[in-house]
Amino acid sequence: MDITIHTTFLPHDDPDAAVAFYRDALGFEVRSDVGEGTMRWITVGPPGQPGTSILLAPPAADPGVTEEERRVVTEMMAKGTYGWILLASPRLDAVFEKVRDAGAEVVQEPTEQPYGIRDCAFRDPAGNLIRIQELR
């Protein structure tokens with residue numbers, strides 16, 4: 001089969017803060033930004049990789065989501081347990097310093113894990129966990 005990962009989803013609750021984090025801290029391109037106010041759908045992705053994107057979307061915007069489900073999503077986002085993504089870079093220390101210096105919430109400094117991966121972790125403005133592994 002010939003299947004690629006095209007787009008994945010992460011929620012946002014402040015579109016301007018989300019754009020600033022993904023564009024300024026991570027260096028991603030903003031590929032599209034549609035909607036108004038908090039009801040914006042923003043697509044970002046790494047430069048040079050036009051076929052891979054992250055869709056930053058309002059959580060629980062689907063009209064089929066119940067009020068109880070919206071409440072649960074909001075609570076999980078506040079705790080940082082709703083969305084996460086795993087990124088990778090051959091320059092982990094430099095990426096860590098850039099993202100940290102941009103003001104991102106540090107969850108874990110670069111650490112050699114017992115399972116053989118060296119990585120670090122941040123939270124984006126919506127609370128999503130962003131783990132970054134070192135490519136070796």
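Numbering of residues begins at 1 and proceeds along the displayed sequence.
Shown here is Glu112, whose CD atom has more than 12 heavy atoms of other residues, nucleotides or ligands within 6.0 Å. In the displayed structure, Arg70 atom CZ is contacted under 6.0 Å by more than 12 heavy atoms of other residues, nucleotides or ligands.
When side chains are defined from C-beta on, Glu109 does not count as touching Cys120, because their heavy atoms never get closer than 4.5 Å. Side chains of Ile85 and Ile130 form a contact here, defined as non-hydrogen atoms less than 4.5 Å apart. Side-chain contact between Trp41 and Ser32 is absent, with no heavy atoms from C-beta onward closer than 4.5 Å. Proximity of Pro58 to Thr38: side-chain heavy atoms (C-beta onward) are nowhere separated by under 4.5 Å. By the 4.5 Å heavy-atom criterion applied to side chains, Ile42 and Pro15 are counted as neighbours.
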Validation: residues 6-14 side-chain donor-acceptor distances under 3.5 Å, sequence neighbours left out:
from	atom 1	to	atom 2	distance (Å)
His12	NE2	Arg40	O	2.7
Asp14	OD1	Asp16	N	3.2
Asp14	OD1	Ala17	N	3.1

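Of all the heavy atoms in Arg31 and Gln49, the pair that sits closest is NH2-O, 3.1 Å. Across every non-hydrogen atom of Thr52 and Pro46, the tightest pair is O-CD, 3.7 Å. Nearest approach of Val106 to Arg100, heavy atoms of both residues: CG2-CG, 3.8 Å. The nearest pair of heavy atoms linking Leu92 to Pro110 is CD2-CB, 4.0 Å.
No chain of hydrophobic side-chain contacts below 4.5 Å, direct or via other Ile, Leu, Val, Met, Phe, Trp or Tyr residues, connects Met77 to Val19. Residues Leu87 and Val30 share a single hydrophobic cluster, defined by chaining ILVMFWY side chains whose heavy atoms lie under 4.5 Å apart. Criterion: ILVMFWY side-chain heavy atoms under 4.5 Å apart, direct or through other members. Under it, Ile117 and Leu135 are not part of a common hydrophobic cluster.
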Query raised in the report: Between Thr111 and Arg118, does a side-chain contact (heavy atoms from CB on, under 4.5 Å) hold up when you go through it step by step?
Result: CA-CA 5 Å; Thr111 302; Arg118 186 167 181 264; over 6 Å; no

Requested in this report: Determine, step by step, whether Leu129 and Val107 satisfy the side-chain contact (heavy atoms from CB on, under 4.5 Å) criterion, reporting the C-alpha distance in whole Å, the side-chain angles of both residues, the deciding distance to 0.1 Å, and the verdict.
Outcome: CA-CA 8 Å; Leu129 183 65; Val107 174; 4.1 Å; yes

Query raised in the report: How far apart are the C-alpha atoms of Arg71 and Glu67, what are their side-chain angles, what is the distance that settles it, and do they pass the salt bridge (charged side-chain N to carboxylate O under 4.0 Å, His left out) test?
Result: CA-CA 6 Å; Arg71 183 190 62 74; Glu67 286 305 314; over 6 Å; no

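In this structure, Lys79 contributes its side chain and Thr74 its backbone to no donor-acceptor pair below 3.5 Å. With hydrogens and angles ignored, the 3.5 Å screen pairs a side-chain donor or acceptor of Gln108 with a backbone N or O of Asp119. Side chain of Arg123 to backbone of Gly80: a donor-acceptor contact under 3.5 angstrom is found. Side-chain atoms of Glu69 come within 3.5 Å of backbone N or O of Thr66 as a donor-acceptor pair. The main-chain N or O of Met76 is found under 3.5 Å from a side-chain atom of Thr81 such that the two form a donor-acceptor pair.
The ring-ring contact (aromatic ring centres under 6.0 Å, His included) analysis of residues 63-110, with sequence neighbours excluded, yields the pairs Phe96-Phe122.
Once rounded to the nearest 0.5 Å, the distance linking CD of Glu97 with CG of Asp101 reads 6.5 Å. Summarising the geometry, atom CZ belonging to Arg131 is positioned 8.0 Å from atom CG belonging to Leu86; distances are rounded to the nearest 0.5 Å. Interatomic distance, Glu29 CD to Arg23 CZ, rounded to the nearest 0.5 Å: 12.5 Å.
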